[in-house]
Amino acid sequence: MAAMSARSGLFHVIDTRQFERSMLDRLCRLATRARALARSRDGARRLRELAPDRRAMLYFTQPSTRTFLSFNSACHILGMHTSEIRNPSISSEMKGETFEDSIRTFSSYADVIIMRTPEGGKAARAAELMDSIPRPVPVINAGSGPDQHPTQALLDIYTLERSLEGRGGIDGKTIAMMGDLRRGRTVRSLSYLMKNYRDVRLRFVAPPGLEIKQDILDHLDAHGVAHQSASRLDDVAGELDALYVTRLQSEYGEEEPEPEPAEYASYAIGPEQLRKFPSQAIIMHPLPRGPELSPSIDNDPRVMYWRQERNGMWMRVALLALIFDLADELEASG
Amino acid sequence: MAAMSARSGLFHVIDTRQFERSMLDRLCRLATRARALARSRDGARRLRELAPDRRAMLYFTQPSTRTFLSFNSACHILGMHTSEIRNPSISSEMKGETFEDSIRTFSSYADVIIMRTPEGGKAARAAELMDSIPRPVPVINAGSGPDQHPTQALLDIYTLERSLEGRGGIDGKTIAMMGDLRRGRTVRSLSYLMKNYRDVRLRFVAPPGLEIKQDILDHLDAHGVAHQSASRLDDVAGELDALYVTRLQSEYGEEEPEPEPAEYASYAIGPEQLRKFPSQAIIMHPLPRGPELSPSIDNDPRVMYWRQERNGMWMRVALLALIFDLADELEASG
Amino acid sequence: MAAMSARSGLFHVIDTRQFERSMLDRLCRLATRARALARSRDGARRLRELAPDRRAMLYFTQPSTRTFLSFNSACHILGMHTSEIRNPSISSEMKGETFEDSIRTFSSYADVIIMRTPEGGKAARAAELMDSIPRPVPVINAGSGPDQHPTQALLDIYTLERSLEGRGGIDGKTIAMMGDLRRGRTVRSLSYLMKNYRDVRLRFVAPPGLEIKQDILDHLDAHGVAHQSASRLDDVAGELDALYVTRLQSEYGEEEPEPEPAEYASYAIGPEQLRKFPSQAIIMHPLPRGPELSPSIDNDPRVMYWRQERNGMWMRVALLALIFDLADELEASG
């Protein structure tokens, strides 16, 4: 999938695979630019003047706090107004309206549709619909069931690049992903982006039965990304530049046996595990956390997950600027 | 009912009967003006500068997607901020507060109350309350149960006028309304407005038992609007300038026998029915649709229902400008 | 508790006891200043330009209409954008996220957290958390269960000061509080503030079993505030400058026997009771009302509860200006 739809000329954000290295680098620069501008009152005003004539529709039929707030805040930073549906029971779908009619309706009133659904494939369907109507608007996938969560992957990339900035960025680093790698969509989305970086070594640490799926490994092999599985964090801790921890994704309700809590406990991180890490290795987590991430390490300087949240807001500002063709203007501001 | 309350001097929008031809024409001009301005970034800025000091309260105790989003967007276009209650269970009415106290409270914080209720008469009650207190604000009826939905009627008028613009507008046209004419409040509201146009011929096409109520026919007779009932669309299709299709309104829960689906099917429109229509006849529908409107005709150039949605947003911008006495300023902008 | 946190340098609003007389006087002046500015379009613009670069998170897990709307409107008056969670079932707490993690997440995206909870102590916990992290934001307690509701107390003070302005303000006045004084948090919060005024005489009128708690009486004694209990309104009506009526607070679900409706009826106010009041005495109520406050007195010139609502919005504007260190700018505007 190309970054820009050939049919509508729109920039939908559906799948991380659409992003090339040059685009990723540009998004990171734009995020940093927005973040720097927001520090001064005058800079914040310039950001606000970028898109005050745009309106966003946030259609979240899957419960979400941080993705919603982060997008809503990103819109506000750019001066946009937002409308929201976060409770599907108050929408027209109650009157039996089809998904397609609902989406087309949103496009009548808003300039971008940001959507999150418990089912997979919905954002792609919305983008396809847009490409077939006379007055389309871009669609941003803010999480589509178990398959993808591309803006999470983009903010993860930004966090990695920022945190590893003094050491050459992501290129050449060793990055482990730990937890429920089978069902966690953030890990899937992030893995797809790794082919864009040189000499990255991935390490997958998962409990038996929750290993990363074969299609991702095939994708990595096809693009020459080195990867290796490990059953214990201790086996890889010493060589890491970054550890990406994820939680047990039980909310998709897949009927698979879940690991026993006790067993899963060995895929958790706390002060003891952290002692085995290099002094410069960073710890990331998409949050919200489960028992796999001990709050007792929150103040460790290697911990990046709180900064990761805030990076998500800046990355979404960057993405909206790009979608609305305001990136040059953002770069020129100030 | 006059357009302006004699007691408070406020312009409430409660009932379509309050609108005279000159007002309708002005609203259509204002909607077109707002639409044209919004095309440029500078024009959008001028719109935004009309009412940034105003706040709207959207009080929607009946589920609604497009009316809500359309009003919310109209407010945002004028630079207004909005507050919303769309889930009555989170409001003070849970603590046993009366309707009147809730409405008066909204008037303490907002400059206009836009309300939609499952019961009839509530907007009129709110407007009456406003006319009796020292610091009133205007009330807009965004749908009051089975009785009226005046802003829908206004956007329908605007869509008719725009679509028939090259042919002299609504005057002298033949317009059919089809579907559940008994309970559909949009048809009732629109019918009331027809007396304002010269030589309009109405055709009512409804299943047995769902015919338009006698009070509407009496109103049309009293104002000399020609009308005729037909039991089949085919009987009138060839002579139409516009067809207004409506859906079965089951959500009001009136205890009347509903027509059998099979029987109702003959009051639907698809490619086959469309073939019998004049090449310039337009098709409208308030949406959301039911089985009476086939998605397979969505790309027919005569189809206006998607444009109708968007017209609703512009008409609501026009209405808010009028209510806040900003119409002259809007006309002078640009 | 000091007005400003020694650890973070932030101004949290948690407990009315943090407010000294000079701060109360300043807030009243700021509220009046904001109210005056908002009367003109140009003044409203200046207010809007005070904080357009700030975002507020309204986290309301306890149903509330007026506190929510009043804060939301106050933010909008200052040009701020807001995000809201009013339905805890759509938040991350559904995924088992801790309260602390949720609050810290809000601080990632917003510049102030305004929160209301059914449980006591939560706002204080949130403020403590903020004081321990690298990038804290101020917390405003918008009602924390049965214990405190400080911004209500501030708006009550403002209403008293404004209404009694021509007679020297609160100093030296006789003020009665009537109703469920045991569980009503507004009465508790307001009582704490009374020590800041000279020669105030308090009268508590409550049904048996719902008397004000001893800790408040001890607080008043410790600060030399004269107070007296009365079992009937008639005993004190004639000497009052102000009567503050409150409702039966059943929503906290404390398992205490509730008074019989008939018994409680003698703690209500209507035209008959009002006749015994001095011509300048004012009647206040935090609203929403129950049967203790008859709507038939709404038009009496001594009634201040509707103005009280609106005062709440202006007081919250003042508070936000103070928190964001914009008070000097607000005072200098215009």
Side-chain angles (χ1 to χ4, degrees), chain A residues 45 48-61 72 75-76 78-115 125 129-137 324-326 329, chain B residues 37-49 52 58 60-82 84 86-90 247-251 285 287-291 293 295 298-299 301 305-313 316:
Chain A
R45 187 184 50 73
R48 223 160 46 236
E49 285 172 358
L50 283 173
D53 53 336
R54 308 292 183 135
R55 294 180 303 281
M57 176 70 209
L58 281 79
Y59 184 55
F60 277 54
T61 59
N72 208 38
C75 289
H76 293 163
L78 288 167
M80 299 171 65
H81 280 283
T82 56
S83 290
E84 63 189 59
I85 292 183
R86 289 154 86 183
N87 179 352
S89 75
I90 62 170
S91 81
S92 263
E93 291 187 69
M94 282 290 282
K95 300 192 192 175
E97 182 161 53
T98 63
F99 172 75
E100 272 75 14
D101 277 10
S102 291
I103 295 295
R104 186 157 181 183
T105 293
F106 301 153
S107 77
S108 293
Y109 306 126
D111 300 295
V112 60
I113 298 170
I114 302 167
M115 57 186 287
R125 263 173 70 190
L129 171 67
M130 285 299 116
D131 289 346
S132 74
I133 65 173
R135 200 193 153 279
V137 303
F324 287 140
D325 204 14
L326 297 164
E329 210 170 322
Chain B
L37 274 173
R39 280 196 204 103
S40 76
R41 223 164 146 175
D42 185 60
R45 186 185 49 73
R46 290 175 191 223
L47 283 168
R48 225 160 43 236
E49 285 172 358
L58 281 79
F60 276 56
T61 58
Q62 186 188 38
S64 162
T65 298
R66 69 206 77 224
T67 305
F68 177 85
L69 290 178
S70 153
F71 264 117
N72 208 38
S73 299
C75 290
H76 292 162
I77 286 168
L78 288 167
M80 300 170 66
H81 280 283
T82 56
E84 62 189 61
R86 289 153 87 183
N87 180 352
S89 74
I90 62 170
R247 68 198 292 274
L248 192 64
Q249 296 288 332
S250 59
E251 65 256 38
H285 190 294
L287 301 178
R289 65 176 137 200
L293 184 64
D298 278 16
N299 293 326
Y305 34 84
W306 294 112
R307 179 175 296 183
Q308 202 177 342
E309 280 194 336
R310 203 162 156 80
N311 283 339
M313 182 173 74
R316 284 159 180 138

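Below, all heavy atoms of this structure are taken into account, side chains as well, without hydrogens, waters or symmetry copies. Below, read A as the first sequence line, B as the second, and so on, with proteins coming before strands; counting in each chain starts at 1.
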(message) Which atoms of B:Arg41 are under 4.5 Å from chain A, going by heavy atoms: the side chain, the backbone, both sets, or neither?
(response) both
(request) With sequence neighbours left out, write down each residue that passes side chain to side chain contact (heavy atoms under 4.5 Å, CB included) with A:Pro136, or none if nothing qualifies. (result) A:Ser8, A:Leu10, A:Met130, A:Ile133
(request) Quick one: pull up CG in A:Asp101 and CG in B:Asp298 and give me the separation to the nearest 0.5 Å. (result) 7.0 Å
(request) Decide yes or no for B:Pro295 and A:Glu100: does some side-chain heavy atom of the first lie under 4.5 Å from some side-chain heavy atom of the second? (result) no
(message) Using heavy-atom distances under 4.5 Å, tell me whether A:Arg55 contacts chain B through its side chain, its backbone, both, or neither.
(response) side chain
(request) Would you mind telling me which of A:Thr105, A:Thr82, A:Asp53 has the largest number of heavy-atom pairs within less than 4.5 Å of chain B? (result) A:Thr105
(message) Would you compute the distance between atom OH of A:Tyr109 and atom CD of B:Glu309 and round it to the nearest 0.5 angstrom?
(response) 4.0 Å
(request) Kindly give the heavy-atom pair with the smallest separation between B:Arg310 and A:Arg135, and that separation in Å. (result) NH1-NH2, 2.9 Å
(message) Do B:Arg48 and A:His81 have side chains that approach each other closer than 4.5 Å (heavy atoms only, starting at C-beta)?
(response) no
(message) Once side chain to side chain contact (heavy atoms under 4.5 Å, CB included) is applied, do any residues pair with A:Ala110, and if so which ones, sequence neighbours excluded?
(response) A:Met57
(request) Report the distance from atom OG of A:Ser83 to atom NE2 of B:His76, rounding to the nearest 0.5 Å. (result) 5.5 Å
(message) Please check if the number of heavy atoms outside B:Arg307 that lie under 6.0 Å from its CZ is greater than 12.
(response) no
(message) I need the minimum non-hydrogen distance between A:Glu84 and B:Arg86, along with the two atoms involved.
(response) O-NH1, 2.6 Å
(request) List the atom of A:Ser108, the atom of B:Trp306, and the distance in Å for their closest heavy-atom pair. (result) OG-O, 4.1 Å
(message) Please rank B:Asn299, B:Leu69, B:Ile77 by heavy-atom pairs under 4.5 Å with chain A and give me the top one.
(response) B:Leu69
